[in-house]
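Taking it in order: structure first as structure tokens, then the write-up.
Please read these numbers as outputs of a predicted model, since none were measured by experiment. First the proteins, then the strands, lettered A, B, ... as listed; each starts at 1.
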Amino acid sequence: MRKGAAELAVLSVLDGDELYGIEILERLSGADGLGLSDGTIYPLLKRMQTEGRIAARWEPSVTGPPRKYYRLTQSGRDALAPMADFWAQFQQQMNTIVERR
Amino acid sequence: MSNQAITAYLEDLARSLADMDRYEARDILTETESHLHARAGQGRLDETLSDMGTPQAYAARFRGEPGAASPARLPVLAASGVLVLLAFFMAGVAVIDFLVPSFGLWTNSQTGSVVLGLASPSPTSAAREVWSDWLAMASLGVCLVFAGLGGVLARNAFASGDAGSPA
């Protein structure tokens, strides 16, 4: 479940934005439960790129090595809406169950 | 000092990615270099290198190899490995006990010794085989228990922290 949540979080922060790895991590700061960190974000981005949900391009940087910017593909945009709907329903169902205690 | 640490890490990472597609490996190395320099600029290089783990473990994460995502999994995987080895040992005991009649668990009431192995005691010897009929079955049972526990531990280790396992 955490893998799906991490992927949904990455798709969400890339929705409408083109970001590089550290910017993605900064947008996700505070969401420690996702398990995303400096050591895990790039393998996940690579997998999502391989699956065609995100695309990337290199941009030269004036301060150091080039940066790789990620953006959503059409496939990623198509996946985001149903994933977000599922998550909202799941969250609502879990809240209902937990509040019944 | 930061540059030296980054260079050393990238060299090790390049070696660990040597079996990967050349362009893919270069992509990972360039992005890692960019990330480490940016973190060094923020004064967070040590913390970042610690989070990434060894270059070998970090490279394995790109291949989706389970077990490499979290250093916390390693003790569980090690325990699983020990249990599987013990399962193989018990299976070996069961097979040998089944095939070789003189193999077994022998005790000697005079010396108080207990030996697992081959023995051909004389009729006057104090050596006696214990569990002669049951050693193979008991070993097989213990083997299955160890194998089952090892499998459960390995499955739990692979199931945890799966955000870093892109498989």
key: Part of A:L25 within contact of chain B (heavy atom distance under 4.5 Å)   = side chain
query = So do the side chains of A:W58 and B:E31 get within less than 4.5 Å of each other, counting heavy atoms only?
reply = yes
inquiry  = Do A:T40 and B:M52 have side chains that approach each other closer than 4.5 Å (heavy atoms only, starting at C-beta)?
reply    = no
request  = Check the hydrophobic clustering (I, L, V, M, F, W, Y; side-chain heavy atoms under 4.5 Å; chains of links allowed) and say if B:F62 and B:Y23 are grouped together.
outcome  = no
key: Transitive ILVMFWY side-chain link B:F89 to B:L144, under 4.5 Å   = no
ask   = B:F103, B:L140: one ILVMFWY side-chain cluster at the under-4.5 Å cut-off?
value = no
For B:D51 against A:G39, the heavy-atom pair lying closest together = OD2-N, 2.7 Å
ask   = For B:S34 and A:P66, which heavy atoms make the closest approach, and how far apart are they?
value = OG-O, 3.0 Å
key: Region of B:I28 that comes under 4.5 Å of a non-hydrogen atom in chain A   = side chain
ask   = What distance separates A:Y42 OH from B:Y58 OH, expressed to the nearest 0.5 Å?
value = 7.0 Å
request  = Report, as yes or no, whether the 6.0 Å neighbourhood of atom CD on B:Q42 holds more than 12 heavy atoms from other residues, nucleotides or ligands.
outcome  = yes
ask   = Between A:K68 and B:D27, is the closest basic N to carboxylate O distance under 4.0 Å?
value = yes
ask   = Same hydrophobic cluster for B:I96 and B:L116, using side-chain heavy-atom links shorter than 4.5 Å among ILVMFWY?
value = yes
4.5 Å side-chain heavy-atom contact, A:R67 and B:T30 = no
inquiry  = With a 4.5 Å cut-off on side-chain heavy-atom distances among I, L, V, M, F, W and Y, is there a chain of contacts connecting B:L85 to B:V93?
reply    = no
task = For B:R44, look at atom CZ and say whether over 12 heavy atoms of other residues, nucleotides or ligands are found less than 6.0 Å away.
result = yes
Heavy-atom contact with chain A under 4.5 Å, split by part of B:H37 = side chain
ask   = Would you say A:D38 and B:E47 make side-chain contact, with heavy atoms under 4.5 Å?
value = no
ask   = Got B:E24 and A:K46 here, is their nearest side-chain heavy-atom distance under 4.5 Å?
value = yes
